[in-house]
Structure formats: structure tokens, C-alpha cells
Chemist: 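Before we start, here is the structure in question, set down as C-alpha cells.
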Amino acid sequence: MTQPRTLFEKIWDKHVVAHEPGSPAVLYIDLHLVHEVTSPQAFQGLREKGLKVRRPDHTQATMDHSIPTTDRSLPILDAIAAKQVNQLRTNCHEFGIPLADLGDENQGIVHVIGPEMGLTQPGMTVVCGDSHTSTHGAFGALAFGIGTTEVEHVLATQCLLQNRPKTYEVRFAGALPKGVGSKDLILALIARIGVGGGTGYVLEYTGEAIRALSMEGRMTVCNMSIEGGARAGMIAPDDITFEYLAGRPNAPYGDAWDDAVGRWRRLPSDEGATYDKLISIDAATLEPMITYGTNPGMGIAITQPVPDPASAGANGESIRKALDYMALEAGKPLLGHAVDVVFIGSCTNSRISDLREAAQLMKGRKVSPNVRVLVVPGSEKIKKQAESENLPEIFRAAGAEWREAGCSMCIAMNGDQLAPGQYCVSTSNRNFEGRQGKGGRTFLASPLTAAASALNGVVTDVRTMLG
Amino acid sequence: MEPINTFKGKAIALPIKDIDTDQIIPARFLKTIDKQGLGANLFTDWRYFEDGSPKPDFLLNQPRAQGAAILVAGDNFGCGSSREHAPWALMGYGFQAVISTSFADIFKGNCYKNGLIPIEVDESLHTELLESAAADEPYEIEVDLPNQLIRLPDGRTATFPIDAFSKKCLTAGIDQLGYLREQAAAIAEYEAGHLDRVSTL
């Protein structure tokens, strides 16, 4: 009888092309996603070495980071960004790579469009020069971010040199209470293990609360694995996964679909398979989460006070520094803290279910006059879907801005940014100093918390607003 | 890539934990299509005021930091974004090695591929190095990559981990892509048998 294996081990074993003693494994990559920011130097490397892209048919490019989220018929005013965007066009044309360009029906945030196009499938290896590639693990794929040199490696050889990571089971037992969602679940985990807690590991999320999540919720969870230090996070595929994939443009169909589902059903970790590490969290005890500090591990339940550095032991100095940057007082709650901007978007929370949640709360209400609210769909497809459901009307009537698809204020490369000192409740994934604009201050939270805070103009416990 | 074996350099201390790559090089500088020129904006928001003048309190603006080649930083250095611009910026400034108790996975991999040496030491030595490298007296550390050790001014040594393959590539000046390209036959054979990907791509 064969040894019981985890989901990760099954995918890893299947993708090892060669493994010589003293060298890392040569790992085959099924899907390579490319965007404008981390690829130009890789294409230049190919050019200098006279190399081709080995499998353009396993590669998909789009633009998301540097692009404005304003009227797409206008030229990009930032000359440096325009040059980068044009460089991606040139590179894709020269090397024969499909590109979801601005204006294309598939354009969007790279981690939103991969699943949307049906490119991301269970059992695959997926990489991209972007740390949030972990998102695709929601499909039971091994998906992780890589550097630009590695982008060049994959372009040239469709392979990567990898040392085998360790495995970490993250079990969420119980059911999530009302008003508490997938974003709260992942923020709670990172608050527990810290931003380095998953370093060296691939996380596998298991348990009742995970099984109950939609694909979109699962993507939110896997997306932020990297914020706990883990390059990859994954969830075993099940009927929810297959239902999401069925009928998508690049998904198999007919007999091939049945064959694929048959194979995918064998992917979940075997009974008796073991992990190098385990954490178990009772989802039923979780509350809406919010971050107070300058890394995603500095999170608290929204009803809790900001921690006191003096009683935080070894983390005291980090917390003191963070509170100084955030201009927050230890011991005080964040509830009721004034907010200048609310950002609903990013590869973490810009999917249709996120927008529906926010719209449901905002419908027939007005956002606080003191708050600028940006709603940025993750993709052109999501934008169209939202329009068909009249969501933009709800957002606009409430006083929020409805924008074009892209990374926008998650990374603030495109002009969508905070002014120094501003506070933002953001559905994105990083609250690092200056992440949303130099001097800007970020509170990470769920779309529901963001929408509730937008309406009240202060950090709000959404549970007080749910019927 | 130039082979890297043994080098000696002045160490300076940045005793902050969890320094993310957004601090090392903020996203607004990632619109470049080159690897060069990023050193000027290393730690830019900690280093400069809004008007571009240097913040005198920040490490890199102090006289003792001039000519430094080794950065001793807090735990979990390089977390967050996968941007390879982070090692490019550190190297562009003149750093050849970073010492910490731990490094984020993607950052560490990016370092090896560019010839920036991430050196992991234990907590007690780390505490000592943070102190020594913060002293007024210049503190020089020798990095001996073939023997995987650092040599302190008083002659003591400490070993550090590095995988055999990365070490071989760095000390011989071999580009890892060369190794991958030599696997072409194995890759072609693998592709021929890899039917898992049912796709209309």
C-alpha cells in the first residue's frame, strides 16, 4: 500500500521533472500568469540570451498594477507607467503570449482573471511574479509567487528550481457567525501566527468553516497566505470547486470534463496523511477583524482595544513603532475611529460576491460626507456582471465612486492613493507603511466592515447594522 | 554573474523586525523596466522627507553608514511583496549581504539569484551583531561563502545555512537558468507524458 499523501504532496510529486542529488527539484509549471510590473526585466533577459518562450500556450498576460482605473478611452498620463504598459504589449507580441489588454473583455487583476477564465484548475502548478499568486490555491492547485529572475526561468523552460517546502494544516472547525466572513477568518489566522509564522510552509486550509465557503471566499483566504509568510495556501477541491469551473472558457468539457473531475476527486489529502505542523481555530468564536498596525499580523477583533506595547513582550517595539506611524493610542478601541477613505477592491476582495455584500449594505443609504469611497471591480467581467445587477447605481447613489478594473489603491501605483495622514478602511491585503500612498494609514477589514464604516464615517462593527 | 567567494565589509544595524519589501523599495518605483538605478530609492520613505532632503536620524544618512556593505536587520527581513526590485535596490546601494535571524521565502530566493547573500544567525549572535554594528567604531565582518561562515573582528566565526545548489552557483558565478536549460530533454519527455492538462489554451 502506498503512503498516505497530502494534497500538496500529490501535486508536487506529479510535477517533478528531474531531481538530482544536491540540487533542487526541477518543477514543471502548468500555468504562468504575467503582468506589466514584474516581467519587463525577464523578457529583456530572454532577448539578451536569444531565447524564446517555451510554452506561450501555458502563459497568460494582463495589465493591472500600473493602470489608471478612470476612463479607459483616455491615454495613460503617467509617462513611466505608459511605457511599462506598452513594453508588456511589445513583449507579448514579440514572444507570442496571449494578452488581456486594456479594453479586452478578460482584462483584470491577474489573480481574478485566472480563475474567471477557467485557466486555474485543480492539481495544477501556477506561478506569477506576484506574491498573491497564492490565491489560486483555492482550487486545489499549488500556486505561489516568484521573483523576476524566476519569471524568466519559467518563460524559457516552463520549469522552476524548487526546494520542497514543509506542510502546515490550518483547520477551521465550526461555522462562521453572522457578519463574519472569509476575510475575518484569514486575518484572525495571521494575527495568531504572525507575518513570519508560515515561512517555509505550504498551508492547507481544512475544516467545516472552509468547506462552507464559496470559491470566492476560499480565494480570499488563500490570497492572504503570503501575509502569514507562506508562499502557498491551498484548499482541497470539491463540488463547490467543480461547479465554479464548469462551463468556463478554458475548462475541459464533454468527456474530458468527466475525466478531469474524476482525477480532481483523487486530489484531497488521504486519510492518515500527516503535516509538519498544525493549528486549529474554532471559527464559531471569531468576530469581524481589523488591523491596527503596519503589518497584516497586527489584527484584532473589532470589539477589542488596540494592544499596549508595554504588555506585548518581544513584539512591544514593533507595536510601538506601528502605533506611532498610525497615530493611534494603545488601549483604546478602533470602533468609532474616524475614517477618510474606504477602498473596496484588490485581488483579495474585488469579486462579485464582495461587491454584492457591500452593495446590499449601502443600498438606499448614503456614505458619510467625510469619506471618499472607491469601489474597484477586480476585472472587466466582474464590472459587467455588477452592471447587469445595477450595483454601480447603488454605489453611486450612496456617494461612492465606481471605477474601472485594476489593483488601484491596494498598491497605489496608478494615482489612486491616500494623502499623508489619511485613514483608510481597506479590503486589500497589506497595511504596510505607505502601501496605499506615502504617509497613508490602512485598516484592513472585510467588505462588510468597509461598507459599514463608509456609511458611518467611522470604524464600525457591521453586526450592529445587520438585521 | 561574477563568482562570489570571500568578502569583507562594514556592517550597519537596522534593528527593526518584519521589514517588508514595500519599505525596501516602495511600489511607485516599480514602474521602471530596468534593474538599475533602484539604490537611490532604497528605504526611500524612511530616508527622505517629502521635499527630498535626507532625514538625519535614519541610518543610511549617518556618516558611519557610508561605504557599508552588510546590513544587520531585524527578524523576518524581506516579507510581503515578491518584487525582485528589493534585492536590486539593496545591491544598487552597495550591500552585498544581509544578516538576520530569518528571511521571507521569496525574498531569500530572489537574493540568491542576484548575488546578495542572506545570512541567518541565531538569536544571541544576532542581538550581539545588532549592537556591535550600531557602535560608532566601524565594525567589519568577513563573509566566507565557500565555508558558509562569517568571521567577526575578534576572530570568532559563526556558520550560516545555504542550500548546496545556490552556493555552487554563487561561488562559481553560474546562472541558474543554465542548469534548467540543460534539462531540456527531461522537460520535453515530461511534457509528452503530462496529460493532466486538459486544456483548450
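Because the structure is a prediction, the values reported are computed rather than measured.
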Chemist: B/K8 side chain to B/V143 main-chain N or O, any donor-acceptor pair under 3.5 Å?
Modeler: no
Chemist: Checking heavy atoms, do the side chain of A/T157, its backbone, both or neither come under 4.5 Å from chain B?
Modeler: both
Chemist: Give a yes or no on whether the backbone of A/A82 and the side-chain of A/N86 come within a donor-acceptor separation of less than 3.5 Å.
Modeler: yes
Chemist: Between chain A and each of B/C169, B/G80, B/A86, count heavy-atom pairs under 4.5 Å; write down the option with the most.
Modeler: B/G80
Chemist: Below 4.5 Å from any heavy atom of chain A, which atoms of B/A185 appear? Answer side chain, backbone, both or neither.
Modeler: neither
Chemist: Identify which part of B/Y179 has an atom lying under 4.5 Å from any heavy atom of chain A, answering side chain, backbone, both or neither.
Modeler: side chain
Chemist: Describe, in one word, how the ring planes of A/Y28 and B/Y190 are oriented to each other, choosing from parallel (under 30°), tilted (30 to 60°) and perpendicular (over 60°).
Modeler: tilted
Chemist: Which residues from residues 108-132 of chain B are near chain A, with near meaning under 4.5 Å between non-hydrogen atoms?
Modeler: B/N110, B/K113, B/N114
Chemist: Given heavy-atom pairs under 4.5 angstrom as the criterion, report whether the side chain, backbone, both or neither of B/E189 touches chain A.
Modeler: neither
Chemist: With a 4.5 angstrom heavy-atom cut-off, is it the side chain or the backbone of B/Q176 that approaches chain A, or both, or neither?
Modeler: both
Chemist: Under 3.5 Å, is there a donor-acceptor pair linking the side chains of A/Q121 and A/W264?
Modeler: no
Chemist: Which heavy atom of A/L267 sits nearest to which heavy atom of A/I11, and what is that distance?
Modeler: CD2-CG1, 4.1 Å
Chemist: Distance from A/R435 atom CZ to A/Q417 atom CD, nearest 0.5 Å?
Modeler: 13.0 Å
Chemist: Go through B/D75, B/N76, B/D175 and name the one with the most non-hydrogen pairs under 4.5 angstrom from chain A.
Modeler: B/N76
Chemist: Whether the A/H65 and A/N414 side chains hold a donor-acceptor pair (N or O, under 3.5 Å, no angle test) is what I'd like checked.
Modeler: no
Chemist: Ignoring hydrogens and angles, state whether a donor on the side chain of B/Q148 or B/D144 is under 3.5 Å from an acceptor on the partner side chain.
Modeler: no
Chemist: Under 3.5 Å, is there a donor-acceptor pair between the A/S131 and A/R430 side chains?
Modeler: yes
Chemist: Please look at A/Q87 and chain B and tell me whether the side chain, the backbone, both or neither of the residue comes under 4.5 angstrom of a heavy atom of that chain.
Modeler: side chain
Chemist: Could you name the residues of residues 156-167 of chain B that have a heavy atom within less than 4.5 Å of a heavy atom in chain A?
Modeler: B/D163, B/A164, B/F165
Chemist: Return the option, out of A/Q158, A/K321, A/M117, with the maximum number of heavy-atom pairs under 4.5 Å with chain B.
Modeler: A/K321
Chemist: For B/S102, is it the side chain, the backbone, both, or neither that has a heavy atom closer than 4.5 Å to a heavy atom of chain A?
Modeler: neither
Chemist: Mind listing the closest non-hydrogen atom pair of B/F77 and B/A73 along with its distance?
Modeler: CD1-CB, 3.5 Å
Chemist: More than 12 non-hydrogen atoms from neighbouring residues, nucleotides or ligands closer than 6.0 Å to CZ on B/R47, yes or no?
Modeler: yes
Chemist: Mark yes or no for whether B/E84, through its side chain, and A/T149, through its backbone, hold a donor-acceptor pair below 3.5 Å.
Modeler: yes
Chemist: Within residues 53-72 of chain B, which positions have a heavy-atom distance to chain A below 4.5 Å?
Modeler: none
Chemist: What are the two closest heavy atoms between A/G293 and A/A322, and how far apart are they?
Modeler: CA-CB, 4.0 Å
Chemist: Identify which of A/G297, A/P24, A/P165, A/G145 forms the greatest number of heavy-atom pairs closer than 4.5 Å to chain B.
Modeler: A/P24
Chemist: Are B/H85 and B/F29 close enough that their ring centres sit under 6.0 Å apart?
Modeler: no
Chemist: May I ask you to decide whether B/E191 forms a salt bridge with A/R54, counting only side-chain N to carboxylate O separations under 4.0 Å?
Modeler: yes
Chemist: Please report the closest heavy-atom contact between B/F7 and B/A97, naming both atoms and the distance.
Modeler: CZ-CB, 4.1 Å
Chemist: Is any NZ, NE, NH1 or NH2 atom of the basic residue among B/R83 and B/D22 found under 4.0 Å from an Asp or Glu carboxylate oxygen of the other?
Modeler: yes
Chemist: Quick one: closest heavy-atom pair of A/T133 and A/V126, and the distance?
Modeler: CG2-O, 3.8 Å
Chemist: Under a plain distance cut-off of 3.5 Å, with no hydrogens placed, do A/T442 and A/Q436 share a side-chain donor-acceptor pair?
Modeler: yes
Chemist: Using only non-hydrogen atoms and a strict under-4.5 angstrom cutoff, which residues of residues 34-42 of chain B touch chain A?
Modeler: B/D34, B/K35
Chemist: Looking only at non-hydrogen atoms, find the nearest pair between A/L155 and A/T59 and report the distance.
Modeler: CD2-CG2, 4.4 Å
Chemist: Strictly below 4.0 Å, N to O, side chains only: are B/R28 and B/D45 in salt-bridge contact?
Modeler: yes
Chemist: Side chain, backbone, both or neither: which part of A/I226 has a non-hydrogen atom closer than 4.5 Å to chain B?
Modeler: side chain
Chemist: Judged by atom type as modelled, is there a donor-acceptor pair below 3.5 Å linking the side chain of A/D30 to the main-chain atoms of A/T125?
Modeler: yes
